[in-house]
Amino acid sequence: MTRIKETSTHYANKKMMEDWCPEVYAASIIGNQWSLAICCFLINGKLRFSELRKKMPGITERMLTIQLRRLEENGVVTRKVYPEVPPRVEYEMTAIGKQLKTITEALEAWGLAHRRLQSKSR
């Protein structure tokens, strides 16, 4: 996954929007499909990497690793490695990450309502 060049206009515009609008800032952290899905699964408790992978069959190991690292860098998820053979790694929401519970529940309710409305209009 490539990063936006810090010297680009796109980067400057994105940064300005994140500084100006807290919703855009929040969306930049959890706004992609995999990050949000990871948060939805971890909101109910800690999971091992393999358990997360099984819950999201469409994600590659590389993408899961990238997204978990990104969430960890942003302080949303913690990673704990147990010195065992084979190594056991567990992921868990941080205190600030756990605050996403009401947001994910609201998004779920909105998504279900919108899906019903769309299926009725077809």
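Keep in mind it's a predicted model, so treat the numbers as computed, not measured.
Within a 6.0 Å radius of CD1 in I96, no more than 12 heavy atoms belonging to other residues, nucleotides or ligands are found. When the shell of 6.0 Å around CZ of R69 is examined, it contains 12 or fewer heavy atoms from other residues, nucleotides or ligands.
C39 is listed as a side-chain neighbour of L71, based on a closest heavy-atom distance under 4.5 Å. Looking at heavy atoms from C-beta onward, V89 lies in side-chain contact with R79 at the 4.5 angstrom threshold. Taking the side chain as every heavy atom from C-beta outward, L68 and F49 approach each other to under 4.5 Å.
Between the CD atom of Q67 and the CD atom of E72 there is a distance of 13.0 Å, given to the nearest 0.5 Å. The distance from atom CD1 of I29 to atom CD of E73, rounded to the nearest 0.5 Å, is 11.5 Å. Taking CD from Q33 and CE from M63, the interatomic distance works out to 8.5 Å, rounded to the nearest 0.5 Å. Between the CE atom of M93 and the CD1 atom of I38 there is a distance of 10.0 Å, given to the nearest 0.5 Å. We find the CD-CG distance between E61 and L52 to be 12.0 Å, quoted to the nearest 0.5 Å.
When hydrophobic clusters are built by joining Ile, Leu, Val, Met, Phe, Trp and Tyr residues whose side-chain heavy atoms come closer than 4.5 Å, directly or via intermediates, Y82 is not grouped with L47.
Using modelled atom types, one side-chain atom of T94 and one backbone atom of V76 make a donor-acceptor pair closer than 3.5 Å. At least one donor-acceptor pair closer than 3.5 Å links the side chain of S121 to the backbone N or O of Q118. The backbone N or O of I59 lies less than 3.5 Å from a partner atom in the side chain of R53, making a donor-acceptor pair.
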Donor-acceptor contacts, no H, no angles, side chain residues 102-110, under 3.5 Å, sequence neighbours left out:
{"unit_1": "T104", "atom_1": "OG1", "unit_2": "L100", "atom_2": "O", "d": "3.3"}
{"unit_1": "T104", "atom_1": "OG1", "unit_2": "K101", "atom_2": "O", "d": "3.0"}

Audit row: N32, R70, side chain to side chain contact (heavy atoms under 4.5 Å, CB included) steps and yes/no: CA-CA 11 Å; N32 72 54; R70 191 168 158 261; 3.1 Å; yes
From CA spacing to verdict: side chain to side chain contact (heavy atoms under 4.5 Å, CB included), Y91, K46: CA-CA 5 Å; Y91 294 90; K46 50 178 101 162; over 6 Å; no
Derivation of the side chain to side chain contact (heavy atoms under 4.5 Å, CB included) call for M56 and F41: CA-CA 10 Å; M56 296 183 286; F41 289 121; 3.5 Å; yes
Candidate pair L64 and T60, rule side chain to side chain contact (heavy atoms under 4.5 Å, CB included), full reasoning: CA-CA 6 Å; L64 180 56; T60 63; over 6 Å; no
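Scanning all heavy atoms of the two residues, the minimum distance from R88 to E84 falls at NH2-OE2, 3.1 Å.
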